[in-house]
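First up is the structure itself, then whatever we jot down about it.
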Amino acid sequence: MKITRIETLVRGPLAIVRVGTDDGVVGIGQTAPYEAATSAHVLHTMVAPLFLGRDPWDVEALVDECLRVHYKFPSSFLHRALAGVDTALWDVLGIVTGRPVAKLLGGHARASVPMYASSMLRSITPEQEADRLAGFVAEQGFRAVKIRVGEAMGRDVDAAPGRTERIVPHVRAVLGDDVDISADANGGFSVGRAIRVGRLLEEYGYFHFEEPCPFPELEQTAQVAAALDVPVSGGEQDISLPQFHRMISGRAVDIVQPDVGYIGGISRARKVAVLAEAAGIPCTPHCANDSLLQVFSLHLAAAMPACTQYQEWSIETTPWTQGVYEPALRVVDGRVDAPTAPGWGVQLDPAFVREAELTTSAA
């Protein structure tokens, strides 16, 4: 079996990837969202030439080779593009074997995956946020949620004056003690401010504190993690396996959060999960929207022993992710069943294929 065709289907911020083989199998994948046209260009010029004519079963070796060949370009866009091809190849292997990708990654470590309802908004008042999260808890059975504090990369500037200090206690008061609540700062705080916010989270019994400091400043995050009892998480923005190794071995975080789309695909994200398992810390893959990345993250979380905690489930509805694939994943009683259909277990919506801009690289 050889790879004969690699296609991108770009619609708005989304680039879906199709990989075809000489025996007629077609797998689907996706680059990380946003700046999709740029990711697709990088895919066809830098990634596809190294995969065409090769054996899909060599996917991990090919991913490694691609990054070695392009060692002078260790960019986010290269990893985003690589993720599109990597995830499509895992779909090919699942289709060929008749097994879900989760089984190829090692098997079902759990029959279903618990999810937390993840808010992406800072433009919402504490009162509005608490009310809508309470609705998700009541309607879909979520037992955990996550709010946003501070401002993304905000240098101690809050999204609205005093919002962090108001939202932390208010959401706890509305949801009660039976719901686990986490808070995400998206790198918005200095060390001192992060520690003060972390102590507020401890006072109200929060579950974890995500990206308290700017992600490149690993030493700052380590200082915060050492000072607090509430677990500190991070890693979503990182693309380097050596950086993840430093993060985990240096105990800069208590929970590690690789993003399948950012890091370069399933082949590399699962290596981070193995590092976490060896270190005895949880792995909670970052997944900030309901695109195909939600499907990929589900398979990873179902398979990897380190994915023991709630996994991220965005509660936002984004127009550009609608009508992309079917069947849609569903949360029931706060959980999503481990996948059982071959490959990713989903198909592209024909309407999406018609609407998207097609570019092809062929052997």
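Only heavy atoms go into these numbers, but all of them, side chains included; no hydrogens, no water, no symmetry mates. In this chain, residues are counted from 1 in sequence order.
Between Ala252 and Thr221, the shortest heavy-atom contact is O-CG2, 3.3 Å. Across all their heavy atoms, Val26 and Ile95 have their closest contact at O-CD1, 3.4 Å. Between Arg11 and Pro319, the shortest heavy-atom distance links the atoms NH2-O, 4.4 Å. Nearest heavy atom pair, residue Gly323 against residue Phe352, reads O-CB, 3.4 Å.
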Intermediate values then yes/no, side chain to side chain contact (heavy atoms under 4.5 Å, CB included), Leu9 and Leu348: CA-CA 11 Å; Leu9 294 152; Leu348 293 182; 3.9 Å; yes
Side chain to side chain contact (heavy atoms under 4.5 Å, CB included) assessment of Leu293 paired with Gln30: CA-CA 7 Å; Leu293 287 172; Gln30 183 192 304; 3.7 Å; yes
Side chain to side chain contact (heavy atoms under 4.5 Å, CB included) between Leu218 and Met247, worked out: CA-CA 7 Å; Leu218 197 59; Met247 185 185 307; 3.9 Å; yes
Chi angles and distances behind the side chain to side chain donor-acceptor pair (under 3.5 Å) call for Asp156, Ser190: CA-CA 6 Å; Asp156 292 337; Ser190 64; 2.8 Å; yes
Candidate pair Asp86 and Ser267, rule side chain to side chain donor-acceptor pair (under 3.5 Å), full reasoning: CA-CA 7 Å; Asp86 172 271; Ser267 297; 2.5 Å; yes
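Two residues are said to be in side-chain contact when any heavy atoms from C-beta on lie closer than 4.5 Å; Ile263 and Leu241 meet this criterion. Looking at heavy atoms from C-beta onward, Gln237 lies out of side-chain contact with His286 at the 4.5 angstrom threshold. Using a 4.5 Å heavy-atom cutoff, the side chains of Val191 and Glu217 are not in contact.
A distance-only check finds a donor-acceptor pair linking the side chain of Arg110 to the backbone of Ala301 [under 3.5 Å]. With Asn186 contributing its side chain and Gly188 its backbone, the two residues share no donor-acceptor pair below 3.5 Å. At distances below 3.5 Å, at least one donor-acceptor pair connects side-chain atoms of Tyr206 with backbone N or O atoms of Val168. His108 places a side-chain N or O within donor-acceptor distance of the main-chain N or O of Pro339, the cut-off being under 3.5 Å. Checked by atom type and distance alone, the side chain of Glu312 pairs as donor or acceptor with a backbone atom of Cys287 at under 3.5 Å. The backbone N or O of Gln294 lies less than 3.5 Å from no partner atom in the side chain of Ser297, so there is not a single donor-acceptor pair. Asp158 contributes a side-chain N or O that, together with a main-chain N or O of Thr164, makes up a donor-acceptor pair within less than 3.5 Å. The closest donor-acceptor contact from the side chain of Gln243 to the backbone of Ile239 lies at 3.5 Å or more, if one exists at all. Judged by distance alone, with hydrogens and angles left aside, the side-chain atoms of Arg251 form no donor-acceptor pair with the main-chain N or O of Ala222 at under 3.5 Å. Judged by distance alone, the side chain of Thr8 and the main-chain N or O of Val10 form no donor-acceptor pair under 3.5 Å.
The pair Arg54-Asp58 fails the salt-bridge criterion, with no side-chain N (NZ, NE, NH1 or NH2) lying under 4.0 Å from an Asp/Glu carboxylate O. Remark: Glu129 does not engage Arg172 in a salt bridge, criterion side-chain N to carboxylate O under 4.0 Å. At a threshold of 4.0 Å, the pair Asp184-Lys146 counts as salt-bridged, since one of the basic side-chain nitrogens sits closer than that to a carboxylate oxygen. We find that Arg196 and Glu203 are not joined by a salt bridge, their nearest charged nitrogen and carboxylate oxygen being 4.0 Å or further apart.
At a cut-off of 3.5 Å, with distance as the only test, no side-chain donor of Thr284 or Gln257 sits close to an acceptor on the other residue. Counting only N and O atoms by type, the side chains of Thr359 and Glu7 include no donor and acceptor under 3.5 Å apart. Side-chain atoms of Ser119 and Arg132 form a donor-acceptor pair, as typed in the model, at a separation below 3.5 Å. For Asn289 and Ser314, the side-chain atoms include no donor-acceptor pair closer than 3.5 Å. One side chain, Asp290 or Gln322, offers a donor N or O that lies under 3.5 Å from an acceptor on the other.
Heavy-atom neighbours of Arg155 CZ from other residues, nucleotides or ligands within 6.0 Å: at or below the threshold of 12. Around atom CD of Glu202, more than 12 heavy atoms belonging to other residues, nucleotides or ligands sit under 6.0 Å away. Heavy-atom contacts from other residues, nucleotides or ligands closer than 6.0 Å to NE2 of His41 number 12 or fewer.
The aromatic rings of Phe136 and Phe142 lie perpendicular to each other, with more than 60° between the two planes, well past the 30° mark. Trp344 and Phe296 have tilted rings, their planes meeting at an angle from 30° to 60° on a 0 to 90° scale.
Ring centers of Trp313 and Tyr116: at least 6.0 Å apart, outside the cut-off.
Both tests do not hold together for Arg143 against Tyr310: distance to the six-membered ring centre under 6.0 Å, angle to the ring axis within 45°.
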